[in-house]
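Note sheet for the following structure.
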Amino acid sequence: MKLPVIRQFYQNQTPENLEKTLEVLESFTEFRGTTEEDLNVAGELITNICGALEVHANVQNGMSEKDALNSFAQKVLGSIDK
């Protein structure tokens, strides 16, 4: 998870574009010939895209961009600590 990447995706892409990209990456990870390195890169991108989608949703519900980004980061870090 990289907050600068999530912010970039949030600021420059619509939720619809992010959803389409997410579908493509998920399909790519199911390909039989995908290497471990490919999966790691795709997984990082998927996490960042999901973060940007969550930021879009939180901002639409009235949260500031900064708070939405911090909220997502805390959620991810909280799940790692468990």
Side-chain angles (χ1 to χ4, degrees):
M1 173 196 74
K2 294 186 171 117
L3 281 179
V5 174
I6 294 170
R7 181 183 296 116
Q8 176 89 6
F9 286 165
Y10 164 74
Q11 291 176 342
N12 295 310
Q13 296 299 320
T14 65
E16 294 78 18
N17 284 346
L18 292 169
E19 289 283 352
K20 289 176 186 175
T21 304
L22 190 58
E23 288 177 28
V24 170
L25 285 171
E26 288 172 343
S27 178
F28 173 74
T29 63
E30 295 169 1
F31 174 62
R32 190 167 39 124
T34 305
T35 67
E36 190 70 29
E37 184 179 348
D38 292 338
L39 289 173
N40 289 336
V41 171
E44 180 73 16
L45 286 168
I46 288 170
T47 299
N48 292 329
I49 290 169
C50 288
L53 285 167
E54 187 166 318
V55 170
H56 269 292
N58 287 339
V59 169
Q60 187 175 6
N61 290 329
M63 194 180 279
S64 72
E65 177 183 331
K66 179 182 174 183
D67 290 340
L69 286 163
N70 288 333
S71 173
F72 179 75
Q74 289 304 315
K75 181 192 287 189
V76 170
L77 293 175
S79 70
I80 292 171
D81 291 340
K82 291 182 181 179

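Positions are given from 1 along the sequence. Nothing here was measured: the structure is a model prediction, and the numbers come from that model.
In this structure, NZ on K20 lies 13.5 Å from CD1 on I49, to the nearest 0.5 angstrom. Atom CD of E16 sits about 9.5 Å away from atom CG of L53, to the nearest 0.5 Å. Taking CG of L18 as the reference point, atom OH of Y10 lies at 11.5 Å (rounded to 0.5 Å). We find the CG-CG distance between L22 and N17 to be 12.5 Å, quoted to the nearest 0.5 Å. The CG atom of L39 sits 11.0 Å away from the CG atom of L25 when rounded to the nearest 0.5 Å. Atom CG of residue L3 and atom CG of residue N70 lie 7.0 Å apart, to the nearest 0.5 angstrom.
Remark: side-chain polar atoms of H56 are not paired, donor with acceptor, to backbone N or O of T14 under 3.5 angstrom. A donor-acceptor contact shorter than 3.5 Å is absent between the side chain of D67 and the backbone of M63. Checking side-chain atoms of D38 against main-chain N and O of T29 turns up no donor-acceptor pair under 3.5 Å. Within the 3.5 Å criterion, the main-chain N or O of Q8 finds a donor-acceptor partner in the side chain of N12. The backbone N or O of E23 lies less than 3.5 Å from no partner atom in the side chain of S27, so there is not a single donor-acceptor pair.
Closest non-hydrogen pair, N48 versus K2, comes out as OD1-N, 3.0 Å. Contact detail for V59 and A68: the closest heavy-atom pair is CG2-CB, 4.1 Å.
Other members of a hydrophobic cluster containing F28 are absent, since no ILVMFWY side chain comes under 4.5 Å of it, directly or through relayed contacts.
The salt bridge (Lys or Arg N to Asp or Glu O under 4.0 Å) test applied to E65 returns R7, not counting sequence neighbours. Applying the salt bridge (Lys or Arg N to Asp or Glu O under 4.0 Å) rule to K75 yields the partners E54; only residues at least two apart in sequence or on another chain are considered.
Put simply, V5 and L69 are part of two different groups of oily side chains (I, L, V, M, F, W, Y) that touch within less than 4.5 Å, one to the next. A continuous path of Ile, Leu, Val, Met, Phe, Trp and Tyr side chains, each step under 4.5 Å between heavy atoms, connects V55 with V76, placing both in one hydrophobic cluster.
Residues V41 and L45 have side chains in contact (heavy-atom distance under 4.5 Å, counting atoms from C-beta outward).
Dense packing is recorded around CD of Q11, with more than 12 heavy atoms of other residues, nucleotides or ligands lying under 6.0 Å away.
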